[in-house]
Undergrad: 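Quick one: this structure, given as structure tokens, is what I'll be asking you about.
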Amino acid sequence: MPSNEEISRALETIVTLMEIRGDEHYRVLAYQRAAESVAAAGSPVSSLDDPKELPHVGDTTAEVIRNLVADEMPEVLDELMAEVPKGLVEVTRLPGVGPRTAGRLWKELDATSVEEVANLEASQISSLKGFGKKSAEKIVASAEKYNSEERRMLLHTATALGDRLLDFVRNHPATEKADLAGSLRRGKETIGDLDIVAASSDAKSLAADFAEAEFVTEVVAHGETKVSVVVVGSDGGVDVDLRIVAPDAYGSLLHHFTGSQAHNIVLRERAVKMDINISEYGLAKADEPERNYIPAETENEIYEKLGLAYIPPELREDSGELEAAEKGELPDLVEVRDIRGDLHVHTNYSDGKGTIESMAEAAIELGYEYLVFCDHSQSLRVANGLSPKKLVEKNEAVRKADEKYGGIRLLCGSEVDILKDGALDYEDSLLADLDFVVASIHTSFQIGEKAMTDRMLRAINHPHVRTIAHPTGRVLNRREPYEVDVSRLIKEAAATNTALELNSYPDRLDLSVPYVREAIKAGVKITIDTDAHDESALSFMKFGVTQAQRAWAGKGSVINCLPREEFEEYLKSGK
DNA sequence: GCCGTTTTCGGCCCGACTGTTTTCAGTCG
């Protein structure tokens, strides 16, 4: 079954090919919105009775989605592929090159791939109507250095870089206020580029100084209120946009550049029906000939004027948040301060760097009320998995430490491997002696969807397993999730009172947002754990919490938001 | 192609910047 992401990507391909072909704008837009709708869907589209249940999906796009789910080639895509060379999709990814340009390079110069564009002479392009020397050279140059590997930054990398740039902007004398916006503010798991917004009554000088800052390697565009630059990231260049408005319109600007674009569009369409136009400068009455924007100083004013409750950035994805805001049904989102403990951390007994004591002290520092030590189990030799004897020894050390530290409850756990056949890596008698068991997969990833699903269902049904760690095994930018029917895992977890983990490690963030949302809807409890292998990694909790917020989670859905007594009750009562 | 508190037909969010242009198309977010 194709994932929502795969279906959405196929629809995006249709969009790009249509644009190159020169299809009618609003037809293309309809496919674009269908693609976004699938990407934002709260549960797998493949399990939907009718794709038309999704917003912006009508008869035609529903049929295309049905084809994709059934692994059949949709007619429209078949047609497009026969007509438009596929290599052009990549050509449109060149900076400054869109579908129009790609279409002309193909039709007028016979260039159908990035490589063929790179092999063109600039003079060939500049001989076309509407192209000059400058744009011709830019196109060839960007084709020459094009790197097909699309790399998006992990959330913690983007946060670190963004904070550095934000410091520069905030420390500028002309800056009154500034914030990071865009997908970073919405807390997406990976970030493509950075958006910074600022309020200043001297936009010109701020824009100029930003463009000349030492971290800038290239100025892509530089106007009076907007600067686009490339800065040095830890892994190549990162595109950064800075937008500046007068202080009284700051809320409008922040909202505009926080997005998502899909959220802004549905919000503005809703506003138009109320005869209000919304832009980054404010709100205007639609019936006036000149748009006379009344600025909004805060984001809240915008939602208020539209009769909506304030929508937190993490929910702004056009996935039902407007309806919920209208009805007053937005969730009361879980916050980092609601987290009372970490249920999955490692020590130097297996592959961690910290000791029981150092990890406990770091957890006390964070104000936690409990901490569960889950080192790896015996068969995971690469991670120094504990033999049964060693586990018993470690449990004793944990219990001793628990007596030593009064302020925090230290508990014995294990991250026990789910073996290839679904059996666990320790005898039941040993597991029974633990306070909390986390089960997970680290080997035999490629056994196929059915075998993997059965294997994990067996673990979910095990009486001692309380949560399944990093349930899909993905590693962002490095490893795809293994094939498994997550929806079935969710159903079984609900039926057996087993939790599912939202692993906070920035390159895991596993489960992903749509599945967490599906799990919560099904009544499954989530454990937000850091999987920390040293003291500093305990701070990754904030990334897991952000992801939980994106999945509409309230603290009631999160096991480790339970106060200590209730958590101990939960442990005692079993599954 | 999608959608409906004027509408089942006729609309469809909004603006900055660039390059090539004498008024705008294309790209981007």
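Residue numbers begin at 1 in each chain, while the letters A, B, ... track the order of the sequences.
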Undergrad: Thinking salt bridges, do A:Glu5 and A:Arg9 make one under a 4.0 Å N-O criterion?
TA: yes

Undergrad: Hey, do the aromatic rings of A:Tyr31 and A:Tyr26 have their centres closer than 6.0 Å?
TA: no

Undergrad: Heavy-atom nearest nucleotide on DNA chain B for A:His56 versus A:Tyr281: which residue maps closer to 5'?
TA: A:His56

Undergrad: Does a side-chain N or O from A:Asn277 land closer than 4.0 Å to OP1 or OP2 of B:dC14, or not?
TA: yes

Undergrad: Distance check, P atoms only: B:dG4 and B:dC13, in whole angstrom units.
TA: 14 Å

Undergrad: For residues A:Leu254 and A:Arg185, determine if any side-chain heavy atom of one lies less than 4.5 Å from a side-chain heavy atom of the other.
TA: yes

Undergrad: Expressed in whole Å, how much space separates the P atoms belonging to B:dT5 and B:dG1?
TA: 23 Å

Undergrad: Aromatic contact between A:His255 and A:Tyr303, with the criterion being ring centroids under 6.0 Å apart: yes or no?
TA: yes

Undergrad: Taking all non-hydrogen atoms of both residues, which atom of A:Leu306 and which atom of A:Ala271 are closest, and how far apart?
TA: CD2-CB, 3.8 Å

Undergrad: Taking the side chain of A:Ile265 as its heavy atoms from C-beta onward, which of B:dG1, B:dG15, B:dC13 lies nearest to it?
TA: B:dC13

Undergrad: Tell me, which pairs form a salt bridge (Lys or Arg N to Asp or Glu O under 4.0 Å) where one or both residues lie in residues 24-49 of chain A, sequence neighbours left out?
TA: A:Asp23-A:Arg27, A:Arg33-A:Glu269

Undergrad: Could you pull out the protein-nucleic contacts involving nucleotides 5-8 of chain B (nitrogen or oxygen on both sides, under 3.5 Å)?
TA:
none

Undergrad: Taking only the P atom of each, what is the distance from B:dG26 to B:dT21 in whole angstrom?
TA: 13 Å

Undergrad: Taking the side chain as everything from C-beta on, heavy atoms only, tell me whether A:Leu17 gets closer than 4.5 Å to A:Glu83.
TA: no

Undergrad: Looking at A:Glu326 and A:Arg270, is there a salt bridge between them, counting it only when a charged N and a carboxylate O are closer than 4.0 Å?
TA: yes

Undergrad: Given the C1' atoms of B:dT20 and B:dA25, what is the spacing between them in whole Å?
TA: 10 Å

Undergrad: Return the stacking result for B:dC2 and A:Tyr26: yes when the ring centres lie under 5.5 Å apart and the planes under 30°, no otherwise.
TA: no

Undergrad: What's the closest nucleotide to the side chain of A:Glu269 if the choices are B:dA16, B:dC2, B:dC13?
TA: B:dC13

Undergrad: Output one letter per nucleotide in nucleotides 17-29 of chain B: B when a protein non-hydrogen atom lies under 4.0 Å from the base, S when only the sugar-phosphate is that close, - when neither is.
TA: SSSS-----SSSB

Undergrad: Once you measure the plane-to-plane angle for A:Phe540 and A:Tyr505, does it fall in the parallel (<30°), tilted (30-60°) or perpendicular (>60°) bin?
TA: perpendicular

Undergrad: Quantified in whole Å, what is the P atom distance between nucleotide B:dG11 and nucleotide B:dT6?
TA: 16 Å

Undergrad: Could you work out the separation of B:dC2 and B:dT7 based on their C1' atoms and round it to a whole Å?
TA: 14 Å

Undergrad: Taking the P atom in each of B:dC17 and B:dT23, what is the distance between them to the nearest angstrom?
TA: 22 Å

Undergrad: Give none if B:dC28 has no partner; otherwise give the nucleotide forming a Watson-Crick or G-U wobble pair with it, both distances under 3.5 Å.
TA: B:dG15

